[in-house]
> 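One structure coming up, written as structure tokens, with questions to follow.
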Amino acid sequence: MTEKTIPLLPCRTELIQSVVDFYTALGFETTHLQKSPYAYAVVERGAVELQLYGMKDYDPATSHSSCYVLTEDADGLHAAFRSGLKAAYGRIPTRGLPRIGPLKDMPYGVRQFLATDPTGNTIRVGQVISGGGEEEPATAPKETFARAVHMADLFADSKQDYPGAAKIIDRVLKLEDEQPTPVQRVQLLVLRGDIAQRLGDQEGARGWLEEAASVQLSTGERETAHDALARLSDLRG
């Protein structure tokens with residue numbers, strides 16, 4: 001006997017079409033869509049199936065609905081999703097609703113990214129990497145700067161608390177008795193520039209990103225900082 005779990009995600013009733021369009025951009029096929037007598041949709045991409053049901057008074061801004069998709073190719077899905085969103089929206093949405101976050105290695109052994117639909121449902125897409133496993137707890141690192149990168153990422157990409165994320169980064173970058181590694185400095189500066197952009201501070205963002213670009217990295221360090229450097233290229237692009 002084979003069992004299958006199908007997430008049921010809420011959707012503001014009048015947004016059902018825009019939500020379906022979002023998943024279409026991600027490469028999902030709509031296998032069912034109805035708008036009356038109540039809104040309901042089913043979208044599928046390979047073995048992944050999501051069902052969306054309408055709620056008249058649902059508030060996307062306060063949504064905590066999510067599901068986790070495990071994959072063997074997080075990089076490939078991230079690239080495909082970004083390409084589809086750019087084709088559908090004319091740009092890659094990175095803030096507000098809908099949005100897609102950056103791809104990054106988490107301290108608990110998963111390489112993941114977040115994609116959030118127009119009604120606030122967040123799809124977490126992750127790939128178990130070396131040393132990781134589903135059973136490992138999602139604990140933050142203890143080292144000062146690694147913890148700051150982790151927590152600021154959570155505040156910025158999961159909570160969309162940009163001032164809170166900026167405060168975390170600004171505090172550790174002012175420390176005098178400890179210094180980040182070159183890779184950590186790039187990660188912190190790129191994220192700080194990203195946050196400044198999201199807050200509408202274009203001049204500040206340029207300064208943070210230029211400082212990140214000026215950090216000298218060895219070949220090995222550039223490989224370690226690959227995700228941050230890719231994000232830097234996107235933000236300066």
Side-chain angles (χ1 to χ4, degrees), residues 7 9-30 33 41 43-45 48 50 52 58-69 71 73-104 106 111-127 152-166 187 190-202 204-206 208-209 212 227-237:
L9 303 173
C11 170
R12 191 172 180 90
T13 300
E14 65 268 25
L15 293 179
I16 189 96
Q17 185 62 59
S18 64
V19 172
V20 167
D21 292 343
F22 171 81
Y23 287 106
T24 298
L26 299 187
F28 283 76
E29 177 187 358
T30 303
L33 173 61
V43 295
E44 299 181 48
R45 191 184 199 278
V48 179
L50 305 175
L52 302 137
Y58 189 72
D59 182 4
T62 60
S63 172
H64 294 284
S65 300
S66 67
C67 69
Y68 205 101
V69 175
T71 179
D73 186 13
D75 289 76
L77 275 183
H78 190 247
F81 283 10
R82 281 169 56 92
S83 177
L85 291 171
K86 186 172 184 179
Y89 294 95
R91 62 183 179 85
I92 299 171
T94 57
R95 56 184 180 270
L97 294 174
R99 65 181 181 272
I100 186 168
L103 182 65
K104 55 198 173 188
M106 306 305 291
R111 183 164 175 76
Q112 76 172 24
F113 67 92
L114 280 59
T116 304
D117 70 25
T119 201
N121 297 306
T122 295
I123 311 303
R124 297 172 180 264
V125 180
Q127 175 183 357
D153 259 329
L154 287 179
F155 272 62
D157 293 325
S158 294
K159 298 183 178 181
Q160 294 236 294
D161 180 356
Y162 304 133
Q187 292 170 331
V190 169
L191 181 52
R192 188 62 181 87
D194 188 357
I195 292 165
Q197 277 196 8
R198 299 189 205 193
L199 289 171
D201 180 10
Q202 299 302 324
R206 277 194 297 274
W208 293 111
L209 297 175
D227 292 338
L229 294 174
R231 196 172 187 179
L232 174 62
S233 178
D234 279 347
L235 293 169
R236 298 183 81 196

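Numbering starts at 1 and runs along the sequence shown.
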> Can you name the closest pair of heavy atoms from Ala74 and Arg111 and give their distance?
CB-O, 3.7 Å
> For a quick test of reading the model, state the closest non-hydrogen atom pair linking Ala165 to Ile195 and the distance between them.
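Taking every non-hydrogen atom into account, CB-CD1, 3.4 Å.
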> Applying ring-ring contact (aromatic ring centres under 6.0 Å, His included), name anything that partners Phe28, two or more places apart in sequence or on another chain.
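For Phe28 the ring-ring contact (aromatic ring centres under 6.0 Å, His included) partners, ignoring immediate neighbours, are Tyr23.
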> Quick one: are Arg12 and Val19 in side-chain contact, heavy atoms under 4.5 Å?
no
> CG of Leu103 to CG of Asp75: how many Å apart, nearest 0.5 Å?
5.0 Å
> Output every pair passing side-chain hydrogen bond (donor to acceptor under 3.5 Å, both in side chains) with a member in residues 79-92, not counting sequence neighbours, ordered by first then second residue.
Arg82-Asp234
> Residues in ring-ring contact (aromatic ring centres under 6.0 Å, His included) with Phe113, at least two apart?
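Partners of Phe113 under the ring-ring contact (aromatic ring centres under 6.0 Å, His included) test: His78, Phe81.
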> Could you report the tightest heavy-atom contact between Ser63 and Gly120, atom names first, then the distance?
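Heavy atoms of Ser63 and Gly120 come nearest at OG-O, 3.0 Å.
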> Checking Leu209 against Gln197 for the side-chain contact (heavy atoms from CB on, under 4.5 Å) test, could you report, in this order, the C-alpha distance in whole Å, the side-chain angles of both residues, the deciding distance, and whether it holds?
CA-CA 10 Å; Leu209 297 175; Gln197 277 196 8; 3.9 Å; yes
> Check step by step if side-chain contact (heavy atoms from CB on, under 4.5 Å) holds for Gln17 and Leu33.
CA-CA 9 Å; Gln17 185 62 59; Leu33 173 61; 3.6 Å; yes
> Distance from Asp201 atom CG to Arg192 atom CZ, nearest 0.5 Å?
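Interatomic distance, Asp201 CG to Arg192 CZ, rounded to 0.5 Å: 7.5 Å.
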> Can you name the nearest heavy-atom pair linking Ala115 to Phe22, along with the distance?
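Closest approach of Ala115 to Phe22: CB-CZ, 4.4 Å.
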> Locate the shortest heavy-atom distance separating Asn121 from Thr119; write the atom from each residue and the value.
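Here Asn121 and Thr119 meet closest at ND2-CG2, 3.2 Å.
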> How long is the straight-line distance from CG of Asp21 back to CG of Leu26, given to the nearest 0.5 Å?
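Those atoms lie 11.0 Å apart.
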> Side chains of Thr13 and Tyr58: donor-acceptor distance under 3.5 Å anywhere?
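No, because no side-chain N or O of Thr13 sits under 3.5 Å from a partner of the opposite role on Tyr58.
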> What heavy-atom pair brings Leu97 and Asp117 nearest, and what distance separates the two atoms?
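It is CD2-O, 3.5 Å.
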> Could you point out which residue of Asp194, Asp227, Asp153 forms a salt bridge (charged side-chain N to carboxylate O under 4.0 Å, His left out) with Lys104?
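Among the candidates, only Asp153 passes.
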> Can Arg124 and Leu114 be said to form a side-chain contact (heavy atoms from CB on, under 4.5 Å), step by step?
CA-CA 5 Å; Arg124 297 172 180 264; Leu114 280 59; 3.9 Å; yes
> Taking atom OH of Tyr162 and atom CG of Leu191, what is their separation to the nearest 0.5 Å?
10.5 Å
